[in-house]
Amino acid sequence: MSIDKRAGSAAEALADVPDGATVLISGFGGAGFPNVLIRALRDRAPKALTLVVNSATHRYSLTHELIEAGLVRKVVCTAARGRDNEPSPFERLWVEGRIKLECVPQGTFAERIRAGGAGIPAFYTPVGVGTELAGGKERRTFEGRDYILEPAIKGDLALVRADAADRYGNLAFRYAQMNFGPVMAMAARVAVAEVRAVLSEPMPHDRVQLPGTFVDRVVAVGA
Amino acid sequence: MSIDKRAGSAAEALADVPDGATVLISGFGGAGFPNVLIRALRDRAPKALTLVVNSATHRYSLTHELIEAGLVRKVVCTAARGRDNEPSPFERLWVEGRIKLECVPQGTFAERIRAGGAGIPAFYTPVGVGTELAGGKERRTFEGRDYILEPAIKGDLALVRADAADRYGNLAFRYAQMNFGPVMAMAARVAVAEVRAVLSEPMPHDRVQLPGTFVDRVVAVGA
Amino acid sequence: MQPLNRLQIAWRAAQDIEDGMLVNLGIGIPVHVADYLRPEADVFIQSENGVIGAGPLAPPDRIDTDLVDAGSRRITLRPGGSIVDSAWSFAMIRGGHIDVTILGAFQVAANGDLANWDMRLPDKGPLVGGAMDLAACARAVWVVMEHTTRQGEPRLLEACTLPLTAVRCVRRVYTDLAVIDIVPAGMVVRELVDGMSPADLEARTGAPLAFAPDCRELTAPPIAMG
Amino acid sequence: MQPLNRLQIAWRAAQDIEDGMLVNLGIGIPVHVADYLRPEADVFIQSENGVIGAGPLAPPDRIDTDLVDAGSRRITLRPGGSIVDSAWSFAMIRGGHIDVTILGAFQVAANGDLANWDMRLPDKGPLVGGAMDLAACARAVWVVMEHTTRQGEPRLLEACTLPLTAVRCVRRVYTDLAVIDIVPAGMVVRELVDGMSPADLEARTGAPLAFAPDCRELTAPPIAMG
C-alpha cells in the first residue's frame, strides 16, 4: 500500500489527540501559524494540554483560542506578554494561577525542541547564565566559561504551517514560515502540517525543506 | 565597500593557513570532497595539522595527500581503514605511531561539529554507550537510559565543496555533496568553499542551502 | 542642551556599523538603525526568526505576509539574503556568528550586566524572546536607550535592579545624552551632547563615570520623529 | 541441506519490511535487501550521508557522481526522495526516526549486543562510520550475516569477543541457516533451513537456542550470486 499522508480535513487529522497531550505549535514573527489546525484542535477540545509555542499571546496566532477555551494546563514559550494594557487571555489565567508557565530563551527553546527530535537528552548552553531563568539548572564550566544544562523537549503532536506538501509529507515553506516547523515536526510523535496546496506529483528533491519522513499527516487549507 | 568573498584562486584563499591549524574537510560517500582546496593546502604545506574529516582513507578524497606529505599530526574521523590489504598512507603512519587518531561515531562526529558552530560546548548522546569509544567519557542517566557526554569540535579552517556560490558566499549543493559542508563551515573560524561556478548575480533566497554569513571565501574551480 | 531623539540615537549607533558586518537589531529603537546605515557599508541584518539580510519595510503593493522579521514587520529581503529555520538562526546567534547586536534596555550596569526583558509589571507575562541568546552570545552587544526613565530615574546603574538578561555583556551604550563604553574599570563617556556638563550627566547616571580624554560632542543630523 | 546464499539472506530479510517503513541498510549484504522489497511495500531507504529515498543503482547513462549513498555507490533517488545534511541525517537516526536498520555483523550476543565495526586486524585502522548511531538508535536493529565464520567459528555467542558497536540492540538475526529473534530470555529460532536439525544448528552456535513452537522452514527462491 503506497504511502499517502493526505488527510481529508483538519478535523480528521486531529481526530485522535488525547487529553493531556503535549502539543508543539509553529509560527513566529507573524508567519507560519497553523491556524486552521489550531481551530480544529479547539473544536476537538482535548483537555489539560501542554502547549509548546513561541508566543502565548501573538496577535496573528489563534493559540489564544485554545487558552480561552480552557484546554491548556501549561504553556512553554518565549513570550507571554500581551501587547495591550488589558491582560491577554493567557495573562488573565496565569495571574489567577489557572495556567502554568515555563518561560524559555528563544534559542534554548529551539535547541531543546531540536534535541528532542535528534535524540539528545540534554545539552549545555551559555544562554541564561546568571539570570533567573537559570534557576535550579545545573551549572558547569567548560574552558573557563559558564554554561547551564538544558533538557530536550518532545511532543505528542506538532502542528506546523507550510506552503506545499506532497503525498509523502515532504514540505516546502515560504520565506519566514519555516521558523520552528522543522524542529517541531521532528520532535513530535505525530506531526501534522497544514499547507496552502498539496501537489499532485512528488515534490522535486531540491524543493523539499523538511523530508516527509518527519511528517505524518498533511491537510490542504488554501492560502 | 561591498561584500565580495570571491578569491582569485585556491592558493590565494589558503595563503594564511598557519602551522598547527585544525582543518575540517567535508565529503562523504564519494561526494563533496574539496579536492582542489586539499591540493592547494598540500602545496601551501602548513605543518602539524589536525584534520577533522569523515574518512582518512577514502579513495575519492585527496586527504591522503596531506597525510603522505607529512603535514598531519592528528586525524579526527569516523573511518580510518583502507580498502586494500596493503595499509593506506594513514594506516602506515598510524601503525608507526607517527600520527594520532581519534575515531568518532559518525552521528557524534556531525553533532560535535554542529555544536562547535552553534555555541554548544557539550551534549549527551546515547551513541557509543557500552563500547570502547565511550572510554573515559562521562556517563549519565536521563529517564532510565544511559548517555555519554561529548564535547564540541571547532576548527580554524573548513574546506567545503559545493555546486554554486555568489559573491556573498551563499552556497548551493548538488545532491549528496552537502553532507558535512554546512556544519563544518559553521564550526570554523574561516570557511573556504570550492564551487563549480560563482554566479554573477546574488543567489535566489530559495536556492541558498548555506547562508554566506557562514562562508568566508569562495573559489570557482569548475566541474 | 538638545538631547537626541530616538531616531537620532539610532542614527548615531548606525555610524559605528562597519563594512560587511552581520547585525541583529532588537525591537523598538534598534530596528531604526537599519534606516541610517551608510550606503557603502554592505551590511546583512539578521532577524531571529531566520531572516538573513532583512531589507526595508515592504511597500504596500509588495507586502508578503510570510516575509516578516522577528517583530512581525512586513519586510523585504536584500540581494543575497536567505532564510533559515529557528534552530539554524539561533545556532548562528549562540555560535558567535553575529558581529553586533543592538538592543534596547531597561537598565545597564557598570559591569556590563543588561536588563531588558522583564519590567515586572503587574498582570503582564514575561517576554524573553531571543534577548538572552543575543546578549550572551553576539560578538558585541550595543545598547540604545534613553538615558533615564520617563520619571527621570537613571537607567545606567551600579547594579541592575530588574531581572538580568545576561551578565557582563554590554560593550557600548548610546543614549539621548551620551555614548558610553563599558570597559573592565566601568563606564567611560566617549561623547556627550552639547551643553551638558560632566556633572549634569553624572547627576542623571547611577554609576560612576569616567570621561575619555578625547571625549567629543555627541551630534546627529536633524531627524523628525515619524 | 542447502544454506541460503548471501542474496537469499537479503531476500529473506526484505520479506519482513512493512509498508511505509523508513529503512537504513548497511554496507555488504544489507544493501541488497533493497533489491527484494515487495513492490507494494512503499519503502523509503535512508542512507547515512543524508539521502532519504535511495533508489536502485544508476544505469551507466544516468550516473551522477554527486548522487551517491553512504557506501559511495552511484544511485538514483526515488519519487518523493530528498537529501539533508549530515547533522539532519543523524538527527533522524539518533532521534529514533528510522523504523529498522539492517546491518551486517561479525558477532551477535544472546543479549543483543552487536559487534560489527572493528575486527582488530593488524595494520588496519578502525572504521566505525554510522554503525554505532544506527545500532543504538534505530527503532529496530536486524542483522544479516553468515551463521559462522569462514573458519566455522560461531558468530552467535554468549558474549561478543570483538569490540562492541552497541549493547542489547539486535532484535532479529537472518543467517544462511536460520532466522533468530532475540528476546529478553535469549535467542529463539523462528525458521530453520531444510535438512538441518536443531542439534546441528546448536553445534554451529555459541549461545543457547530456544526453538519456537511454530518454528518453520527457512526458504528463499533461487537467486544466483552475481
Side-chain angles (χ1 to χ4, degrees), chain B residues 26 28-32 54-60 75 77-82 85-88 90-92 94-95 101 103-111 113-114 118 125-133 146 161 163 173-184 186 209-210 223, chain D residues 27 47-51 54 64-77 81-96 113-115 117-137 160 162-169:
Chain B
S26 74
F28 174 31
N54 184 62
S55 169
T57 62
H58 198 286
R59 64 196 184 281
Y60 296 150
V75 176
C77 67
T78 85
R81 188 187 303 155
N85 285 334
E86 186 174 333
S88 65
F90 170 82
E91 288 166 313
R92 204 157 41 233
W94 177 60
V95 167
L101 168 65
C103 182
V104 183
Q106 196 166 56
T108 302
F109 180 82
E111 190 69 11
I113 297 166
R114 178 189 178 275
T125 174
V127 176
V129 169
T131 77
E132 65 178 41
L133 294 192
D146 288 339
R161 169 87 195 187
D163 185 55
F173 299 91
R174 286 189 76 246
Y175 293 113
Q177 268 188 339
M178 188 157 32
N179 57 72
F180 298 100
V183 292
M184 286 184 167
M186 178 166 71
Q209 291 177 287
L210 183 67
Chain D
I27 292 171
S47 190
E48 302 95 279
N49 65 335
V51 175
D64 185 312
T65 56
D66 291 325
L67 183 47
V68 293
D69 67 10
S72 304
R73 305 180 323 143
R74 277 84 188 256
I75 58 170
T76 51
L77 202 58
S82 61
I83 293 170
V84 295
D85 76 8
S86 294
W88 267 94
S89 178
F90 280 93
M92 187 177 294
I93 292 169
R94 194 178 42 242
D113 286 359
L114 170 67
W117 73 283
D118 191 354
M119 288 192 70
R120 286 288 142 86
L121 297 176
D123 298 353
K124 298 307 290 178
L127 193 168
V128 66
M132 286 193 182
D133 299 85
L134 287 161
C137 301
C160 296
L162 287 167
L164 293 186
T165 306
V167 297
R168 300 174 183 279
C169 61

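Residue numbers begin at 1 in each chain, while the letters A, B, ... track the order of the sequences.
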Q: Determine the option with the most heavy-atom pairs under 4.5 angstrom with chain D, choosing from B:Gln209, B:Arg92, B:Gln106, B:Glu86.
A: B:Gln106

Q.
Between D:Asp113 and chain B, with a heavy-atom cut-off of 4.5 Å, which part of the residue counts as in contact: side chain, backbone, both or neither?
A. neither

**Q.** Greatest number of heavy atom pairs closer than 4.5 Å to chain B - which of D:Asp133, D:Thr65, D:Asp85
**A.** D:Asp133

Q. Do any N or O atoms from the side chain of B:Arg81 and from the backbone of D:Gly125 form a donor-acceptor pair under 3.5 angstrom?
A. yes

Q) In terms of heavy-atom pairs under 4.5 Å, which option from B:Asn85, B:Val104, B:Val95 contacts chain D the most? A) B:Val95

**Q.** Under 3.5 Å: donor-acceptor pair, side chain of B:Thr78, backbone of B:Asn54
**A.** yes

Q | B:Arg59, part contacting chain D, at a heavy-atom distance under 4.5 Å | A | side chain

Q. D:Trp117 versus chain B, heavy atoms under 4.5 Å apart: side chain, backbone, both or neither?
A. both

**Q.** Residue selection (most heavy-atom pairs with chain B, distance under 4.5 Å) from D:Ser72, D:Gly71, D:Ser82, D:Ala136
**A.** D:Ser72

Q | Separation between OH of B:Tyr175 and CG of D:Asp66, rounded to the nearest 0.5 Å | A | 9.0 Å

Q: Working to the nearest 0.5 Å, report the span between CE of D:Met119 and CG of D:Leu127.
A: 13.0 Å

Q. Where on B:Tyr60 is there a heavy atom nearer than 4.5 Å to chain D: the side chain, the backbone, both, or neither?
A. side chain

Q: First locate atom CD1 of D:Ile75, then atom CG of D:Leu67, and finally report the distance between them rounded to the nearest 0.5 Å.
A: 5.0 Å

(Q) Heavy-atom cut-off 4.5 Å, strictly under: side chain, backbone, both or neither for D:Arg74 against chain B? (A) side chain

Q: Counting only heavy atoms closer than 4.5 Å, note whether B:Ile113 contacts chain D via side chain, backbone, both or neither.
A: neither

Q. Can any side-chain N or O of B:Gln177 pair as donor or acceptor with the backbone N or O of B:Asp163 at less than 3.5 Å?
A. yes

Q: With a 4.5 Å cut-off on heavy-atom pairs, point out which of B:Ala79, B:Ala176, B:Gly30, B:Gly107 contacts chain D the most.
A: B:Gly107

**Q.** chain D contact via B:Arg114 - side chain, backbone, both or neither, heavy atoms under 4.5 Å
**A.** side chain

Q. What part of D:Thr165 is in contact with chain B, defined as an atom under 4.5 angstrom from a non-hydrogen atom: side chain, backbone, both or neither?
A. backbone

Q | Under 4.5 Å from a heavy atom of chain B, the part of D:Val51 involved | A | side chain

Q) Taking the inter-plane angle between the rings of B:Phe180 and B:Phe28 on a 0 to 90° scale, is it parallel (under 30°), tilted (30 to 60°) or perpendicular (over 60°)? A) tilted

**Q.** Under 4.5 Å from any heavy atom of chain D - which part of B:Ser55
**A.** neither

(Q) As an exercise, state the distance from CE of B:Met178 to OG of B:Ser26, rounded to the nearest 0.5 Å. (A) 11.5 Å

Q. About how many Å separate CZ of D:Arg120 and CG of D:Leu162, when rounded to the nearest 0.5 Å?
A. 8.0 Å

Q: Check whether any side-chain N or O of D:Ser89 sits under 3.5 Å from a backbone N or O of D:Ser86 as a donor-acceptor pair, and report yes or no.
A: no

Q. Relative to chain B, which of D:Ala70, D:Ala131, D:Pro126, D:Ala87 shows the most heavy atom pairs under 4.5 Å?
A. D:Pro126

Q | Contact class of D:Asn49 relative to chain B, heavy atoms under 4.5 angstrom | A | both

Q.
Applying side chain to side chain contact (heavy atoms under 4.5 Å, CB included) to D:Phe90 and B:Glu111, what does each step give before you reach the verdict?
A. CA-CA 8 Å; D:Phe90 280 93; B:Glu111 190 69 11; over 6 Å; no

Q. Looking at D:Asp123, D:Val84, D:Leu164, which one has more heavy-atom pairs under 4.5 Å with chain B than the rest?
A. D:Asp123

